[in-house]
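Down below is the structure, laid out as structure tokens.
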Amino acid sequence: MTQKENTASTRNTTNMKEKIIVTLSTLCLAFALFSCSDKALDDVSVFQDSTVEPNAFDKWIHENYVMAYNIDLKYHMEDIESDYNYTLVPAYLDKSIQLAHIVRYCWLQAYDEVAGINFTRKYVPKVLHFVGSPAVGRNGTMVLGTAEGGLKVTLYMVNNLKLDKDFLNYYYFLTMHHEFTHILTHNKNYDTEFQKISEADYIMGDWYQKYESDALKEGFISNYAMSEYNEDFAETMAFYVVYTPDEWALRMRMAGTRGAAIIETKLNYVRTYMKSAWNIDLDELRDVVQRRMDDVVSGRINLDDVEH
Amino acid sequence: MYKLFNHKPTTTSTPIGRAAKACLLLLPLLLLPSCSRQEADVFDDSAANRLNKAVREYIEVLEAQETGWVLDFYPADRSLGGMAYTARFHDGDVTMTCELGMKGADGKVMAVGDEVESCYRVITERSVLLTFDTYNPLLHYWSEPDGNDSDGFASDYEFVFVSASPDSVVLRGKKYGNLLRMYPLHESASEYVKKVAANKSALSTVPRQRAIVDGNAVPVSILDNHFNYSGADGKACHVPFVYTPNGIRFYEPVTLTGFSFREMTLDEDGQLCAADGHIQLPMPTLMERFTGSMTQWHFIYSTTNRNRCQMCDELYYILMEAISTCMMEAWESVGDMYIGTNKLPASDDAHRTVIGWSTTLMSFGYEVAYAISMEVLSEEENIIAIKPLEGATLFYNYPFFQPIVDFVCNNSPYVLTFNNTNNPTQVTLRSQKDEEQWFTLRLR
């Protein structure tokens, strides 16, 4: 046998062995896969509904948040939903009821009014979590509200709830309009020319070291707006909506000629974006938000009724 | 492409190819044991089903007790002792009372016995939990951040079930780990906590100082919701307890001279008893009540009228000199001087029995103290000894008070004369060494 023939014979033997091994292995695998399937599935789901009868507020939430907007409003404290970095306590039931009414009336229904309920349903965050206490950091700083990926908004200090416009805007609605703006711009981007207006002045994580008055003079509506252009866009939108025209004008005066001109330029981008992308007139939205807030703080809205 | 295909068969005979073959041959061996059907289930049901069943059972136990439960709640690291609560669970709500008056996060004040309703749930995480998940100011007071203190008292409001029966429920704090024990309540919740508050007031203001164990005296003390005694190995033991309507109940069993017990109850004579009567903590005598006082006995003096100063001349001159120096050097007036329990809490100053001064500068007040010990030398003759220990709160800033400490301690022991033996409000201490040296103290 020549060396060439010898090699060919070895190759044939090797191929045969491989075929046997692969066939046996496949059989074993098939045997193994089917041999463990003799247990029937339990016909009882492991995910059982709560054994506690829903209270009147639960039913109200179901009707006015879950069915209306597909929003899960969590007023029962769930530490799995909360930030483990903070020591937190639950919210008062009656304060939660009031805040649920306020959020629905001043935030959700404001967007319903200017853009239609289907718009709100589609883009609003799907989880609202109420926490009674503030989130106090180890260094004594306090978190006002948090939003996670456009999906969940957590509102703190519910136990200190006051029917006062400044309180409600500072602790809740600036955050909520801000986060909602992020959701909108994630769905439809805004004109990237906006990013160039204050391109050289963004300071990232050092924003908290800036005084609000200095930020205004540099053309930012707030010191947080200085962190980066997306936050700048969201802050400009949120502040414009929660401020009355007089409050906005006062802020522009504080900003000075140069600062006000920059902020107004940014505002025009926001205004244009809202109109072209979402067919929302920003001034109309601002007026609706203001009117609804006035209704709440003046007591014209029943914030305690969960029967209707 | 062709070249690659052409080389493929030969690669199986390389070392790597042989290893792959070996692995393939071993594969069935690895798979075969996995098909064993003889493995017995440890539990008769799945973990999820068992958790769901436990939730239903625990809710049933909690709500079946229609008058509610007594809760022995220990906040923080148990250094504050325990607090008596009641809780009635009904349809997802819980109605609570507490032995303490409280102020809620919204500023609303609740008196002892006021009922406050909130929500509760029994939920499953890695175990079954009882969670008080809407705000109840009585309970969550211990859990919320306090100003810039991010953890506040660092206490739980979520508890893992350890056991549950109609007679008792035992839970453990999920985050901080303190045990929460619950016992059936057989009376009005409000009345229960009011009785607890009254008992606490009576027992804590006249603390017991000795135990009688089968006739032999053993030194013990009750202070700040803690029972303090020497263990079998001589080690100091401090066991936190919660007050009950007629006694105290400990966080963990106490073993005193061989007797182990979890609870002490008051008998008709006002003695705290345990271990089937083998152990009694008798009402303190008049002398013990003075030396172990939980309040302050104040010196009686006036800087403008000698006749209103109830003390000997020597102490009067020492005191006037100290008050004058305090004004000149520290610009502070001395508003009060006392012997007894430090006005500052133990968390601020561990020295508990002191000679103390309260001074003021403008509207700022300061507490100054010098730690002393007081010991009964003779019950029959009303004699006590007062000994100096060390400077306590801020004393190093007020050296001009040292002569007062020296006078009080150097003239020890004293013979005490009370104005009333049942409920004294005033006592005169006259030196046994020199009867000319004396001073009178009174309660406010």
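Below, read A as the first sequence line, B as the second, and so on, with proteins coming before strands; counting in each chain starts at 1.
When heavy atoms are compared at a cutoff of 4.5 Å, B/Ser143 approaches chain A by way of both its backbone and its side chain. When heavy atoms are compared at a cutoff of 4.5 Å, B/Glu117 does not approach chain A at all. Only the side chain of A/Asn160 comes within contact range of chain B, judged by heavy atoms closer than 4.5 Å.
Residues B/Glu158 and A/Glu78 fail the side-chain proximity criterion, which asks for heavy atoms closer than 4.5 Å. Side-chain contact between A/Met77 and B/Tyr157: present, with at least one pair of heavy atoms (C-beta onward) separated by less than 4.5 Å.
Within a 6.0 Å radius of CD in B/Glu66, no more than 12 heavy atoms belonging to other residues, nucleotides or ligands are found. Within 6.0 Å of the CG atom in B/Asp44, the count of heavy atoms belonging to other residues, nucleotides or ligands does not exceed 12. Environment of OH in A/Tyr208: sparse, with no more than 12 heavy atoms of neighbouring residues, nucleotides or ligands closer than 6.0 Å. Enclosure of atom CZ in A/Arg300 by more than 12 non-hydrogen atoms of other residues, nucleotides or ligands within 6.0 angstrom is indicated. In the displayed structure, A/Lys162 atom NZ is contacted under 6.0 Å by at most 12 heavy atoms of other residues, nucleotides or ligands. Other residues, nucleotides and ligands contribute only 12 or fewer heavy atoms inside 6.0 Å of the CD atom of B/Glu60.
The interface of residues 89-98 of chain A with chain B, defined by heavy-atom distances below 4.5 Å, comprises A/Val89, A/Pro90, A/Ala91, A/Tyr92, A/Leu93, A/Lys95.
Note that OG1 of A/Thr87 and NZ of B/Lys175 are 4.0 Å apart. Values are rounded to the nearest 0.5 Å. Separation of atoms CG (B/Asp93) and CG (A/Asn55) is listed at 7.0 Å; rounding is to 0.5 Å. Put simply, OG1 on B/Thr134 and CZ on A/Phe130 are 13.5 Å apart, with the number rounded to the nearest 0.5 Å. To the nearest 0.5 Å, atom NE2 of residue A/His76 and atom OG1 of residue B/Thr131 are 9.5 Å apart.
The two atoms that bring A/Ser133 and B/Pro145 nearest to each other are CB-CD, 3.7 Å, heavy atoms only.
By number of non-hydrogen pairs under 4.5 angstrom with chain A, the leading residue of B/Pro137, B/Gly104, B/Ser118, B/Ala154 is B/Pro137.
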